[in-house]
2 protein chains.
Amino acid sequence: MAVSARRGTPLTIEEISSTAVRLIDEGGVEGLSMRKLAAELDVNPMSLYHHVESKEALLGLVCATAAQRMHMPPDDGAPWQDQLKALALAYHRHAREHPALWGYVHTHPQLINDHRLVIWQTLYRILRLAGVPEPELRRTSEILNAFVSGFIVAETHGHMSDDPEGVDRNFDTAVHLIINGMVSFSA
Amino acid sequence: MAVSARRGTPLTIEEISSTAVRLIDEGGVEGLSMRKLAAELDVNPMSLYHHVESKEALLGLVCATAAQRMHMPPDDGAPWQDQLKALALAYHRHAREHPALWGYVHTHPQLINDHRLVIWQTLYRILRLAGVPEPELRRTSEILNAFVSGFIVAETHGHMSDDPEGVDRNFDTAVHLIINGMVSFSA
DNA sequence: ACCTGAACACCGTTCAAGT
DNA sequence: ACCTGAACACCGTTCAAGT
């Protein structure tokens, strides 16, 4: 059988990807090396290159994997303000689970640039509901995404001072600021 | 004279720092290595460690250097909306000069966390003008900074689709959104 | 098909030695 | 005081060889 001498099972991309996600969660993107990942999988470093073209490709895969784990709020018929807030909360929860990965995606946005992704479609739907005209959808969603990402990266990297009145007050303020800005924008 | 065998002059921190800024501008943060920097300075790699404790410390120095080059708009007595926009423009211009460094600072915010820095003091002044109460100044400025940084990182990393009606329309929209949000916030 | 070991060209950094 | 060369423990990746 063409099977590793050190393991019983052959490698799978899922195994590689989810182990990489875990290592990054634990030690940051700069803490991940092909060699450490291979050791964690109990495999020769070079075996990885049979499933992944390069470290950069691996990181792309890892970002895609993490993005798929993000769970979008359904269309529950609520007002757009509430749905936008729910979406922001989904970002927030996901970012807290994978802070290091979030920072990486934010500075390597090619990895999430595909506007067919659910996350963009959800944002489009909510912005339509808010009355944003069709040709402005892309622009507007990119801006909102950048704002929320910026906030979350700052927060997960400790750039947000704690508020004595509650941990999530900064986040609430940020979301309210955006929503208020949108309201007076469409008026 | 205790002078390098390869150069006429001894190294200075300024020389190290500004050369590092240039290398990062040219090839990104991951393109900078101590060895390349030393080669660029025509010096032995180990000489750098006499002026800088580690690569991480060097990057801190580099961020500080770049931040000092950022030129703040003066208090010209204009309405807060205009001054806030002018400040955002200053960010924008600076980010376009050092895009790689901006991404790095944004994910390593310890480097700019000091609220005594001019940039924070300028933001505080404008927010006071906008009627933000004193105990909310820090929170509010952190949020706005995160928004604008998020936008600029997205933009400088190619995450913003081009607008046929003008390059800066996305930026204008973003700034207007924030200002409108602030207006209805204080009302 | 899938895995491996040796090798190459790089890293950051320590340390003892030079002037 | 400032600089250097050799060395150590790491990297990502190529390539020819194994099953």
Side-chain angles (χ1 to χ4, degrees), chain A residues 1-63 100-101 104 107-108 110-111, chain B residues 1-63 100-101 104 107-108 110-111:
Chain A
M1 294 280 282
V3 146
S4 161
R6 309 162 71 190
R7 308 165 19 111
T9 2
L11 273 179
T12 64
I13 327 185
E14 289 75 26
E15 202 183 356
I16 294 176
S17 183
S18 61
T19 306
V21 170
R22 183 166 52 78
L23 286 187
I24 290 173
D25 286 345
E26 289 169 6
V29 176
E30 57 276 287
L32 176 76
S33 78
M34 299 298 270
R35 293 170 120 109
K36 274 189 210 162
L37 176 57
E40 191 79 12
L41 290 164
D42 198 18
V43 118
N44 185 288
M46 295 313 110
S47 305
L48 295 174
Y49 286 89
H50 258 267
H51 302 87
V52 135
E53 206 183 343
S54 64
K55 188 183 185 182
E56 211 180 324
L58 170 69
L59 285 172
L61 185 71
V62 157
C63 289
L101 220 36
Y104 185 78
T107 46
H108 297 73
Q110 325 85 359
L111 303 169
Chain B
M1 296 282 281
V3 147
S4 161
R6 309 164 67 190
R7 309 162 21 108
T9 4
L11 275 179
T12 64
I13 327 187
E14 289 74 27
E15 201 182 359
I16 294 177
S17 182
S18 61
T19 307
V21 170
R22 182 167 53 76
L23 287 187
I24 290 174
D25 287 346
E26 288 168 7
V29 177
E30 57 278 286
L32 176 77
S33 77
M34 299 298 271
R35 292 171 121 109
K36 275 189 209 160
L37 176 57
E40 192 79 13
L41 290 163
D42 197 19
V43 118
N44 184 287
M46 296 313 109
S47 305
L48 296 174
Y49 287 88
H50 258 268
H51 302 87
V52 134
E53 204 183 345
S54 64
K55 189 183 185 183
E56 211 181 321
L58 170 69
L59 286 172
L61 186 70
V62 159
C63 289
L101 220 37
Y104 185 78
T107 47
H108 297 72
Q110 324 84 359
L111 304 169

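Chain letters run A, B, ... following the sequence lines, proteins first and then strands; every chain starts at 1.
- Nucleotide C:dC10 is matched to nothing when pairs are restricted to Watson-Crick or G-U wobble geometry with both distances under 3.5 angstrom.
- As judged by a 4.0 angstrom heavy-atom cut-off over every strand, B:Met34 is placed among residues touching the sugar-phosphate backbone only.
- Residue B:Ser33 places at least one side-chain N or O under 4.0 Å from the OP1 or OP2 atom of C:dC11.
- Spacing between atom CG of B:Leu41 and atom P of D:dT4 amounts to 11 Å, rounded to whole angstrom units.
- The line from CG of B:Leu61 to CD1 of B:Ile16 is 8.0 Å long, rounded to the nearest 0.5 Å.
- Straight-line distance from the CZ atom of A:Arg35 to the P atom of D:dC10: 10 Å, rounded to whole Å.
- Between B:Lys36 and B:Glu40 there is no salt bridge, since no side-chain nitrogen of the basic residue lies less than 4.0 Å from a carboxylate oxygen of the acidic one.
- Nearest to the side chain of B:Lys36, among C:dC3, C:dC11, C:dA7, sits C:dC11.
- The base of D:dC3 sits within donor-acceptor range of the side chain of B:His50, with an N or O pair under 3.5 Å.
- Projected onto DNA chain D by closest heavy-atom contact, A:Glu56 and B:Met46 fall at different nucleotides, the more 5' of which corresponds to B:Met46.
- In terms of phosphate contacts, B:His51 brings a side-chain nitrogen or oxygen within less than 4.0 Å of OP1 or OP2 of D:dC3.
- Side-chain atoms of B:His50 and B:Leu11, non-hydrogen and from C-beta on, never get closer than 4.5 Å to each other.
- No more than 12 heavy atoms of other residues, nucleotides or ligands sit less than 6.0 Å from atom CD of B:Glu53.
- Rounding to whole angstrom units, OH of residue A:Tyr49 and P of D:dT14 are separated by 7 Å.
- When the nucleotides D:dT13, C:dT4, D:dC3 are ranked by their closest atom to the side chain of B:Leu11, D:dC3 comes out on top.
- Partner assigned to D:dT4 is C:dA16, using Watson-Crick or G-U wobble distances below 3.5 angstrom.
- Looking at the side chain of B:Lys55, the nearest of the listed nucleotides C:dG12, D:dC3, C:dT4 is C:dG12.
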